Amino acid sequence: MGYNVAIDGPAGAGKSTIAKLVAEEKGYIYVDTGAMYRGLAIHFLDRGIQAEDTVKIIEACKDADVKIQYEDGVQQVYLNGVNVTGRLRDEAVGRMTSKCSVIPEVRAKLLDLQKGLARTQDVVMDGRDIGTCVLPDADVKVYLTASVRTRAKRRYDELIAKGGVCDLNEIEKDIRERDERDMNRETAPLRQAKDAVLIDSSDMTIEEVVRRIVGLCE
Ligand code: DC
């Protein structure tokens, strides 16, 4: 069994930035489970399936093969042999992912892959259900959160920096809707595991959060 660090939390809490830095410092592998869900969502989108069409989504899971690979230390997602990493952050993909990840069959499809990665390697894995479902015996569990306004502002700044046009209130509304879906779905809802350390990053720098988590690993 590898040394396992589980980081869960809502959208925009900074999980991937923090998890990547912790992994780098500790020499562990960073596993972004959201990227796996996003890879699967691309499969449904490319088939023209609507997010509401659960029957078609479940059927389409059968011929989706999601794999992750590390190239120069960076996680790449392959969908049926094609590298789809460049498409993972598209807005349409994010919307589809948030909706289809409530379906138990979609979650089951990725669960073994996630557990398998942590079995043999030291990992920092981030997601929504890592400490509660995927790695219940993780050595370190963190629930990383921040206020809705802070998370919306971070996403807004990110999009503006990329040259996008967006509206802060719209982003905030979208984040509230995603929280609602992630926290209230029946299978593997977003919850703080009983033994997870709560970190609210609203008023913390990235460096401060990284130091806190690295400290927990020692
Ligand atoms: O972390 P992210 O924004 O890349 O996640 C995209 C979506 O995938 C998000 O709406 C919730 C879902 N997800 C999930 O249900 N379980 C995980 N372990 C990771 C992500």
Side-chain angles (χ1 to χ4, degrees), residues 4-20 22-23 30-45 51-52 54 57-58 61 64 66 68 74-77 79 84-118 123-136 138 141-146 148 150-152 154-156 158-159 162 171-193 196 201:
N4 294 171
V5 181
I7 303 181
D8 290 302
K15 295 185 300 295
S16 59
T17 305
I18 303 290
K20 231 178 268 174
V22 172
Y30 166 51
V31 183
D32 173 359
T33 61
M36 296 177 186
Y37 282 97
R38 287 171 183 267
L40 202 48
I42 290 174
H43 180 69
F44 308 139
L45 282 174
E52 292 68 31
T54 307
I57 287 181
I58 293 172
C61 276
V66 176
I68 67 164
V74 180
Q75 177 178 284
Q76 305 288 321
V77 176
L79 171 65
V84 294
T85 313
R87 297 176 58 195
L88 298 177
R89 311 302 306 180
D90 291 355
E91 276 303 298
V93 173
R95 273 194 301 276
M96 172 60 113
T97 311
S98 170
K99 290 181 180 164
C100 72
S101 59
V102 307
I103 302 170
E105 286 81 355
V106 167
R107 307 200 68 80
K109 175 98 194 163
L110 297 175
L111 188 64
D112 286 346
L113 181 60
Q114 292 163 0
K115 281 180 182 286
L117 284 165
V123 297
V124 179
M125 189 176 284
D126 79 357
R128 303 293 189 286
D129 60 338
I130 311 305
T132 49
C133 297
V134 182
L135 305 176
K141 293 183 189 177
V142 171
Y143 188 84
L144 182 63
T145 189
V148 173
T150 304
R151 291 187 280 130
R154 285 177 187 163
R155 182 141 293 171
Y156 174 84
E158 212 173 82
L159 291 168
K162 280 187 194 156
I171 295 177
E172 191 172 323
K173 183 169 160 269
D174 185 61
I175 285 190
R176 282 189 197 282
E177 283 169 12
R178 282 182 197 208
D179 284 358
E180 170 72 21
R181 268 197 296 274
D182 288 348
M183 292 173 182
N184 295 308
R185 66 181 173 224
E186 279 198 15
T187 309
L190 170 62
R191 296 265 158 81
Q192 180 182 344
S201 71

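When a ligand or atom number is given, it counts from 1 through the structure's own listing order. In this text, all values refer to a predicted model and were calculated from it rather than measured experimentally.
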Do any nitrogen or oxygen atoms of [X] lie less than 3.5 angstrom from nitrogen or oxygen atoms of ligand 1?
| X | result |
| --- | --- |
| Asp126 | no |
| Thr97 | no |
| Gln114 | no |
| Tyr37 | no |

Does [X] come within less than 4.0 angstrom of ligand 1, counting non-hydrogen atoms of the residue?
| X | value |
| --- | --- |
| Arg181 | no |
| Arg38 | yes |
| Arg107 | yes |

Counting only heavy atoms, which portion of [X] has something under 4.0 Å from ligand 1: side chain, backbone, both, or neither?
| X | value |
| --- | --- |
| Arg89 | side chain |
| Ser98 | both |
| Arg178 | neither |
| Glu177 | neither |
| Leu88 | neither |

Distance from atom 11 (C) of ligand 1 to nearest protein heavy atom, with residue and atom | Asp182 OD1, 3.5 Å

If you draw a 6.0 Å radius around NZ in Lys115, do more than 12 non-hydrogen atoms from other residues or ligands fall strictly inside?
-> yes

For Ser98 and Arg181, run side chain to side chain donor-acceptor pair (under 3.5 Å): C-alpha distance rounded to whole Å, both residues' side-chain angles, the deciding distance at 0.1 Å, then the answer.
-> CA-CA 7 Å; Ser98 170; Arg181 268 197 296 274; 2.8 Å; yes

Using a strict cut-off of 4.0 Å, indicate which atoms of ligand 1 neighbour a heavy atom of Gly34.
-> 4 (O), 5 (O), 19 (C), 20 (C)

Going from CG on Leu45 to CZ on Arg38, what distance comes out if it is rounded to the nearest 0.5 angstrom?
-> 11.5 Å

Where Gly39 and Val66 come nearest, the two heavy atoms and their spacing | C-CG2, 4.5 Å

Can Glu105 and Lys109 be said to form a salt bridge (charged side-chain N to carboxylate O under 4.0 Å, His left out), step by step?
-> CA-CA 6 Å; Glu105 286 81 355; Lys109 175 98 194 163; over 6 Å; no

When you check the side-chain N and O atoms of Arg154 and Ser201, is any donor under 3.5 Å from an acceptor?
-> yes

